[in-house]
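Below is one structure; the comments refer to it alone.
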Amino acid sequence: MKKHMLKVSRVTKRFGGLTALENVSFRVAENELLGVIGPNGSGKTTLINLINGIHKPDNGDIIFRDMPIHRLSSYKIAQKGIGRTFQVTRVFRRMSVMENMMVPALSISKSGTQEALLPKALEILALLKIVHLKDEYGRSLSGGQHKLLELGRVLMLDPDLILLDEPFAGVHPELKADLHDHIRKLHDRGKTFILISHDMHSIFSLSQRLMVLSSGEKIAHGTPEEIRKNEEVIEAYLGN
Amino acid sequence: MKNLNRLILMGLLSAAALLPFAMDGYWLHIIIIAYYYALLASSWCLLAGYAGQFSFAHAALAAVGAYTSALLVLNTGISPVYSIIIGSFAAAGVGLVIGFLCLRLQGPYLALFTIAYSEIFRIVLNAEYRYTGGNFGLNVPPLFARESRILYYYTILGILILSLVVMHKIVTSRLGLFFRAVREDEDAAATLGVNVVKYKILAFVITSFFAGLAGGFYAHYVRILTPNIIQLPQMGLIIAMVVIGGIESLAGAVAGAFILQLAAEYLRDYEELRWVFFGLLLVITLRFSQNGLIYPIYKRLTKKNEKTHAESE
Amino acid sequence: MTEYLILQALNGLIIGLIYALMALGLTLIFSVLKIVNFAHGELYMLGAYFSYYLAKMFGFPPVLAVLSSIIIVFFLGVVIEVLFLRPVYTGAVERKDEYAILITFGLSIFLQNLALFVFGPWTRRSPSFVSGTTSFCSLSISNDRLVVSALAIVFMVATLIIIGRTFIGKGLRAVSQDREAAAIAGINPFKMNLLAFGAGSALAAAGGALIGPIFLIFPTMGAMPVIKSFVIIVLGGMGSIKGCIIASLILGEAESLGSVLFPDLTRGLAYKNAIGLLFLVVVLLLKPTGLFGEKHVRMK
Amino acid sequence: MKKCFSLLVCCLMALGLTLPVNAKGIIKIGGVGPLSAPGSFESGKEMKMAMEQAIDEINGAGGVLGKKVALVFEDTQGLPEKGTAAMERLVEKHKAVAVVGEFHSSVAKAEIEVANRLKVPLIIAEAWADVITAKQYKYVFRIAPANSLFYSKIADWIKAAGFKTVVMITENSDYGIGVERVIREQLKTAGIKITSITAERTIQDFTPQLLRFKMSKPRPDLLFGIFTGAGELLMVKQAHEIGLAPTKETAMFAVGTDALHKEFWEITGQSGKYILTKTGYYPGIKFTEKTEPFIKRFKKKFNREPTFAAMEAYEAVCLVADAIKRAGSTDPDAMVTALEKTRFTGLRGVIRFSLDREPKYMYHQWPGTPSFVIQYTQVDQPYTDALLLWPKEYSHGSLIKP
């Protein structure tokens, strides 16, 4: 049995009168690739926001490698090795690509200088095939390049757990294939992923395991094959 | 390019060092005041342009430094050299409190909060005239016993250069990078491991220190202190300097301060019309050239230069 | 003592109504454009000057002068919106919030000094609407104050009706809640911006023009009232019209009663202008949404 | 590269161009005063007019030491720091041999420091704070009264008029606080009950405080408003509107000089009737043979009654010319010596400067400045027609209660 990296137990989050997540529990093993699906408003993004500390849960706890993290600030969680991307990309628009890369790199290395971290940044940019853009400003990049830069930034954090929020939304098919490739490669290198996507084809082909949310509740989990057959899931997606 | 920058810098520095030999007392006074504004403008540029905190309390923080230093000298008799330093730390302390209180406030909310703080401070200074001298003004002892404008000139020049070196170091270091990341997107910066709270407060503390330093020097140079240095039009002047100079460049802010201060002096005969013109310039710069006026001109000049260089080679 | 407090409260009520007029314009602008208009005080000042000159130089009767001045400033507001604020919504500027703050602040510097240059620094006073005073028991109030409070109520009710009951009001409310959704529903958000900024400016001008006979007219006359309006919109909740009116009355009362109940009586007046500012600071720290504000709005 | 250097050179040259060129054969006299807000620009403008008139007359009579004199006037906006800068500009840039003027005490207080530092004679025309002469600077003279000198006479009137309860509303500026202090000191010993309130200069609504006075029992006999500018006018207006003063029970004294300008009536209208105020000049009394011609010329030229501020400004310029003549040069120390020996027939008496060092404010002060209490009896009345109440020897009648 693989060791569990992340344990989310009975987590509840409300915004005013609205319950975004209700009593959700699940676990993620080391080097697993967990997909999360669910209709709009089912609480997927809230879940990621809770794990990386942008929101605090009203109830329940989140444990990352035996350490409770649900009361920690985002930046501490990031430094502990959880990185994320955003559904609507949030690159630093008035900073160059290289500066974007340096922010996470410098935040985790107390003593590192920009020069020392440069090779690593170039390597990652090369991997993502955007090294030629390194001196461009964030705002002058295309939407797809923003997705790549965000991924590159996360990699500079060198996280063990990566949370991807709709990485394929609005992405050119060619780039989508590239992104698949990058995720697989990183997974092979030992990274753990939680992946949210509406892109059923992508998520079913990438994920080892899937969890389904609906109206803030977990309604199913299992291997892609199991989920495909699950009545409740079909109900949630197609019902009314 | 780098060489060119260095050359310009050296040129400007030597010009600044030689200035007192080429100029009579009155113009030296104007330049000293320009240096004071340059320090205020560049530190506000660091706070607003780099760290993204559009505070209207900068003039008030200069006043914290100025009044602390002046009252300390008047009441305890310590040397102005120490009191200016204590005043700067006092300003940094107030900056710490403002930064902490404003953590959750952004955009117009931050602007309103800092305006309110400045106004309250001004009203208190006025109302407690028994201690502060109020509108009557506080007579402040001079920084130097000897009557010498040149001495003041080199002092403020030294302070300005030192402060600019420190601020430049900050801007180019990880601190500056984090300031800009926080400015761009607080949540995204936090998810990349940046301690947003710490850097936001730090931005206020550091820039308030420089504002306090400027204020302290000003008090002991001009020797008269009234609550007018907090008035909103003063803050407007600082903002105009930074915006016209270029809000994301320390050098631009310094240049903006110089240009506006000298222009105000040259155009003295036009009285109110100067401020009409500066207000218009501020609005037009914002509307059409958000990097200010200085930087684009400089860029164009150096670009042309590079071209001619390349052609000649 | 009770009679005294009642009189003070009545005075506070009148002052509060006057404040409300100006703050209402600021609120309207904020609710639709999500901008705090730092040049609002100058629009107020221009409203006062236009009405003064129309009455003095062209012999307009006072009420007509006020109305004409309101119309002039409405169009001035429209011009300002098109020239300087439009870029915020077309995506032409990078830092929207900050751009809006700085550009309106710059406009305020420009307009204030322009007024100083054109109108001169002299203090002026508009002709009275109705001269003389009216007495109730032991309180006599100048007729001007009574007329102005009545007109302020008329303007406020008119604004509320327009926003609450008419088609234009529906459009304004829709844009204030969600620009994109409103646009999809066929409402042109740019038109609504224009309308809101024009109407907000017009309300400021109404405030200034009405104040003319009570307080005096000079180029910097907008500086203090605009700060009071900031207090009011924060206290009432940014963008909430009901909140704005209630907050204006609270501020009027707080100043009137606060400055006479201040512990050190000799300095009550010296700290009068600080009372509102203190409200602002405390509200922003404890409940940034104010008394009636909806959620914390920040421009996207 | 070359461009940058040439740019730099241009900048330096531009700075160099500003080095002052002192025109030959002209003696420059500096003038300071407020010409724009937040200063009391109405008074400043009037003072500047009067100075120009003095300069014209001196030049008309052949100038001084065979040279023409010229006035360089700097606006100080009522802000001390602007005063400092103005002094420096006048002396260092324009090479003024002496400076005259100023209206605001706070600004004058800053200016005397510069005068003392740069060793240039400064004659304060219309700033009253004791401290200005109490510093006993060698280069500073004053023909305006000192607060203590003037307001102790006003306080004498308050005592003589038999007021028992006095309330004061004071702007928390140099001016207000200085006056308040003198009056309070003087009245304390006379058993008069005093209530004093300070306020920000920018206050527009005095109604709450005025209501408080109105409801207090007994109602005050005298409301003493120590305000300038818009504040003074609004206070007069609001006190009248709520029926506090001027009434049978309560008289109102508006101390600020704004009460003497004709603009006073445009704003206060009916409320200004029966208001008391003070002046340093009253035309019914013949001072010297120069008085009437001056007023005639001033009125003809500027179409308004001069106030005593204008007279003082005029006299100050004449005093400088007189001192230069007697000193035979524009050397500052020689001028100071000459000024100390001044016996000059001005518009309101023979001006001399006291050399007494006690009381402190007497040093280099003209002790003979007159002071009058007057009361308006008609709307739109010029102050020169108002009823003269004090000093007793000139009085035309007694306080009118409506």
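Keep in mind that this is a model prediction, so the values were computed, not measured. Excluded from the calculations below are hydrogen atoms, water molecules and symmetry mates; all remaining heavy atoms, backbone and side chain alike, are included. Lettering of chains follows the sequences in order, A, B, ..., and the numbering in each one begins at 1.
Counting heavy atoms from C-beta on, the side chains of A:Leu195 and A:Glu166 never come closer than 4.5 Å.
Side-chain atoms of A:Glu32 come within 3.5 Å of backbone N or O of A:Ala29 as a donor-acceptor pair.
Around the NZ atom of B:Lys169, the shell of radius 6.0 Å holds no more than 12 heavy atoms that belong to other residues, nucleotides or ligands. Few gaps surround CZ on A:Phe26; more than 12 heavy atoms of other groups in view lie less than 6.0 Å from it.
Just one of A:Arg65, A:Lys80, A:Lys191 meets the side-chain hydrogen bond (donor to acceptor under 3.5 Å, both in side chains) condition when paired with A:Asp160; it is A:Arg65. Each of A:His198, A:His182, A:His180 was evaluated against A:Phe168; a single residue qualifies, A:His180, per the ring pair (Phe, Tyr, Trp, His ring centres under 6.0 Å) test.
Contact annotation for A:Ile108: neither backbone nor side-chain heavy atoms come within less than 4.5 Å of a heavy atom of chain B. A:Phe92 touches chain B through backbone and side chain together, each having a heavy atom under 4.5 Å away. For chain B, the nearby part of A:Ile54 is the side chain; its heavy atoms alone come within less than 4.5 Å. For chain B, the nearby part of A:Gln114 is the side chain; its heavy atoms alone come within less than 4.5 Å.
Contact tally against chain B (heavy-atom pairs below 4.5 Å) for A:Glu150, A:Arg84, A:Lys76, A:Arg153: the top residue is A:Arg153. For the set A:Ser107, A:Gly138, A:Gly83, the count of heavy-atom pairs under 4.5 angstrom toward chain B peaks at A:Ser107. If you tally non-hydrogen atom pairs under 4.5 Å between each of B:Ala181, B:Ala189, B:Ala188 and chain A, the highest count goes to B:Ala181. Between chain B and the options A:Gly53, A:Pro104, A:Ser73, the largest number of non-hydrogen pairs under 4.5 Å is found for A:Pro104. Between chain B and the residues A:Arg93, A:Glu99, A:Gln79, the most heavy-atom pairs under 4.5 angstrom are made by A:Glu99.
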Criterion ring-ring contact (aromatic ring centres under 6.0 Å, His included) on B:Tyr50 and B:Phe179, from CA distance to verdict:
CA-CA 6 Å; B:Tyr50 284 89; B:Phe179 280 173; 8.4 Å; no
